Protein chains: 2
Amino acid sequence: MARGEGITIRDVARRAGVSVTAVSHSLNGKGTISEATRARVKAAADELGYQADAFARGMRQGSIGAIGLVLRSLDALGDYTPAGVDLFERFAGIVAARALSKGLSITLVPDLLRRPVPPLAFSMDGYIIMSPHEDDPVAALLEIRNIPYVCYGRILARPEFTHWASEDDPLAARQLLAHFEAAGAREVVLVPGTDRNSWNHDFVQEYLSWCGRHEVAPRIYEQPEQSGVDGGRQAGTRILADGLPDAVLCLTGRHAAGVQQEFLAAGVNIPGQSMIAAASDSEHTRSSRPAITAFELNPAGCADALLEMLQKLLETGSASGPSLARAKLRPRGSTRRE
Amino acid sequence: MARGEGITIRDVARRAGVSVTAVSHSLNGKGTISEATRARVKAAADELGYQADAFARGMRQGSIGAIGLVLRSLDALGDYTPAGVDLFERFAGIVAARALSKGLSITLVPDLLRRPVPPLAFSMDGYIIMSPHEDDPVAALLEIRNIPYVCYGRILARPEFTHWASEDDPLAARQLLAHFEAAGAREVVLVPGTDRNSWNHDFVQEYLSWCGRHEVAPRIYEQPEQSGVDGGRQAGTRILADGLPDAVLCLTGRHAAGVQQEFLAAGVNIPGQSMIAAASDSEHTRSSRPAITAFELNPAGCADALLEMLQKLLETGSASGPSLARAKLRPRGSTRRE
DNA sequence: GTAGGGAAGTAAAACGTTTTATGCAATCAT
DNA sequence: ATGATTGCATAAAACGTTTTACTTCCCTAC
């Protein structure tokens, strides 16, 4: 707000005929002020449309009611225009809406490491990091600055850090593989992303362990998250060249759509000759033909859990974690054999 | 940052052996300080990892290098989970990335009218309102508080307000209708959204005028933006009940996908018997079968224009507008007759 | 030899709030 | 009657910057 014209606490004090202390105490429910005076002050504040200046307040109390959001994997995308995992694109909006109902604002901070650092960055009450990297430097930086943070997804290199929430990825992986198995699949191929985050890591681990149990040679085709549908098609080509598997499990919906397009173009019948599924639901999985079986993640549930965790962390200095959210398998045409 | 442990300007001053004024002047390139001293101060600041406290600075200078973003139409959606127009979901990310490169942060402020107002809301340097309503109360509120703002889309009820950017919607409407016409369409149906913004308004106006020029009775089937693909299917049902037109023009990609699904389900050949196009490109238009002709909007271009406009507004108090961005028609299978 | 002026630097005020430390009655316990 | 407590309210300090006004020193011009 343009300075010099704002209504300050002094104006309210004058109007109510009391001291600034009385105004502050009245409005914040502190100190010992009679009910009558409190009411008078509140009336005066309302009439003037008074709102305490956030900077002045923040300066005094050290917190400001705003939390920063770092969308870790999107940082790599530069201008955010190429589409990554759908989940990322929607998470900011979900978090913002949830935060508002708790009286918090959300500030998007694309990358704390790149200079210049946005002025407000180090003045946030706390942070949410989405999909932290293996040993995330952003987390390390926050640690140094003593700023509390929580993560959507584990920090791989730091198992002792428990302030995170996520869907139960290992469980999801097992469920998807079991789903394939029940439909008769024996050889399954995995198409993970290249980001070093817990999501990719956990799926790869579960997949390897599944292959071990079933004595099947693992086949993994990494593909960068942001390569999208085209990347999926490329993976599809490579998979076909190496031999058609019974099923393909892709981590992102876009990759799954790409693989399917490539398979279909090569004349492969889906789900007849090969099945496809994705570990995260998206527009692509829903609108492909046939529609692709996928796990519907729960960003809203995780956002709630994370905000609650962060709030507790801010208030009491500690919080319990991690928190695992329920995700749901959505079986669709790409795996339905009849 | 937890107070009490931060490094203040005083620490730097002590370390460099100068006054706090000297530090402030050195780091901000003001005052008259010798090069030698400036260098010494900078070195001290770097060694200590000093970062000026954003609140204290903001308090003094009145601005803080952060701008608020209000996604107007998403406000109605409540928890942001149901999918609206794709454009909205990506705009926040694009703006944030663009803003960062200019050293600004972006704060998401879902609705300034709902209480409690997030503390920082009225301390933003300026605002970007995406898709302002007909006579937007948020704009009015900012006006009262004397906070500069720019809009993605016109404020319908205030033609004198020029600080906005957008694609050239009337032009796009004419191009799409001409495209239909060239492919042989005579009767065209319009499926706009229900939000009272300039996007919907301009398309309806151009459509009506086109109908007038061609002596065709207008057929309009409004559908709420957030109703998505399902809403599109409902519109499709109603359109079919009233008689199959030569072409359907939907404002959102989701609606177009829904209409197409419904038409296909009813055995209508697309584009043979009826054509479909959307005024905004999205995953749905691209991945439908047949792919749906659509206008590829230019949120990145608009974001740049808006940020530049806002910056000029903040620095000089005035800016020139509006700014019209180029959008591109993507003809696809849904209108390609051969 | 002194007035004038720039260069380099500093002390102190100011921003708007919250918090701490007091003050002053009036009431209560002894 | 005196000291202690309570209820209500306030003055002043503090938060960390930036900015204003001032000092000091040195140089140049008359």
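Treat the numbers as computed from the prediction; the structure is a model and nothing was measured. The chains referred to below are lettered A, B, ... by the order of the sequence lines, with proteins before strands, and numbering in each begins at 1.
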- Message: Which nucleotide wins on minimum distance to the side chain of B:R10, given the candidates D:dT17, C:dT18, C:dT19?
- Response: D:dT17

- Please give, in whole Å, the distance from D:dT17 C1' to A:D53 CG? 14 Å

- Item | Non-hydrogen side-chain atoms of A:L27 and A:V41 separated by less than 4.5 Å | yes

- Angle, rounded to 10°, between the helical axes spanning five pairs at each terminus of the helix from C:dG1-D:dC30 to C:dT30-D:dA1? 60°

- Item | Spacing of B:L313 atom CG and B:Y149 atom OH [to the nearest 0.5 Å] | 10.0 Å

- Non-neighbouring partners of B:Y50 that pass ring pair (Phe, Tyr, Trp, His ring centres under 6.0 Å), sequence neighbours left out: none

- Query: Could you state the interatomic distance from OG (B:S105) to CE (A:M124), rounded to the nearest 0.5 Å?
  - Reply: 6.5 Å

- Please name all residues satisfying salt bridge (Lys or Arg N to Asp or Glu O under 4.0 Å) with A:E160, sequence neighbours left out, ordered by chain then number. A:R158

- Item | For DNA chain D, the residues among residues 14-28 of chain B that have a non-hydrogen atom under 4.0 Å from it | B:T21, B:S24, B:H25, B:N28

- Task: Using whole Å, report how far CG of B:L48 lies from C1' of D:dG16.
- Result: 15 Å

- Message: At a heavy-atom distance below 4.0 Å, what parts of residues 33-43 of chain B sit against DNA chain D?
- Response: none

- Query: Got a sec, which pairs hit side-chain hydrogen bond (donor to acceptor under 3.5 Å, both in side chains) with one end in residues 9-20 of chain A, sequence neighbours left out?
  - Reply: A:R15-A:E47

- Item | Inter-residue atom distance B:M309.CE - B:S318.OG, 0.5 Å rounding | 11.5 Å

- Message: Tell me if the side-chain of B:R60 makes a donor-acceptor pair with the base of D:dT18, cut-off 3.5 Å, by modelled atom types.
- Response: yes

- Phosphate OP1/OP2 of C:dT18 contacted by A:K30 side-chain N/O (<4.0 Å): no

- Message: Whole angstroms only, please: what is the CD-P distance between A:Q61 and C:dG16?
- Response: 17 Å

- Item | Within-4.5 Å side-chain heavy-atom neighbours: A:D135 and A:L156 | no

- Task: Write down the distance between CZ (A:F122) and C1' (D:dG16), rounded to a whole number of angstrom.
- Result: 17 Å

- Message: Tell me the interatomic distance from A:I9, atom CD1, to D:dA11, atom C1', rounded to whole angstroms.
- Response: 14 Å

- Indicate whether the side chain of B:T37 and that of B:S34 have a donor and an acceptor atom separated by less than 3.5 Å. yes

- Nearest-Å distance for atom pair CZ/C1', residues A:F55 and D:dT18: 14 Å

- Query: Does the side chain of A:T107 pick up a donor-acceptor pair with the side chain of B:T107 at under 3.5 Å?
  - Reply: yes

- side chain to side chain contact (heavy atoms under 4.5 Å, CB included) test vs A:R154 passes for just one of A:W199, A:F161, A:W164, namely A:W164

- Message: Could you check whether the side chain of B:T32 and the base of C:dA8 have a donor-acceptor pair of N or O atoms closer than 3.5 Å, going by distance alone?
- Response: yes

- Rounded to whole Å, the CE-P distance (B:M59 to C:dT17) equals 8 Å

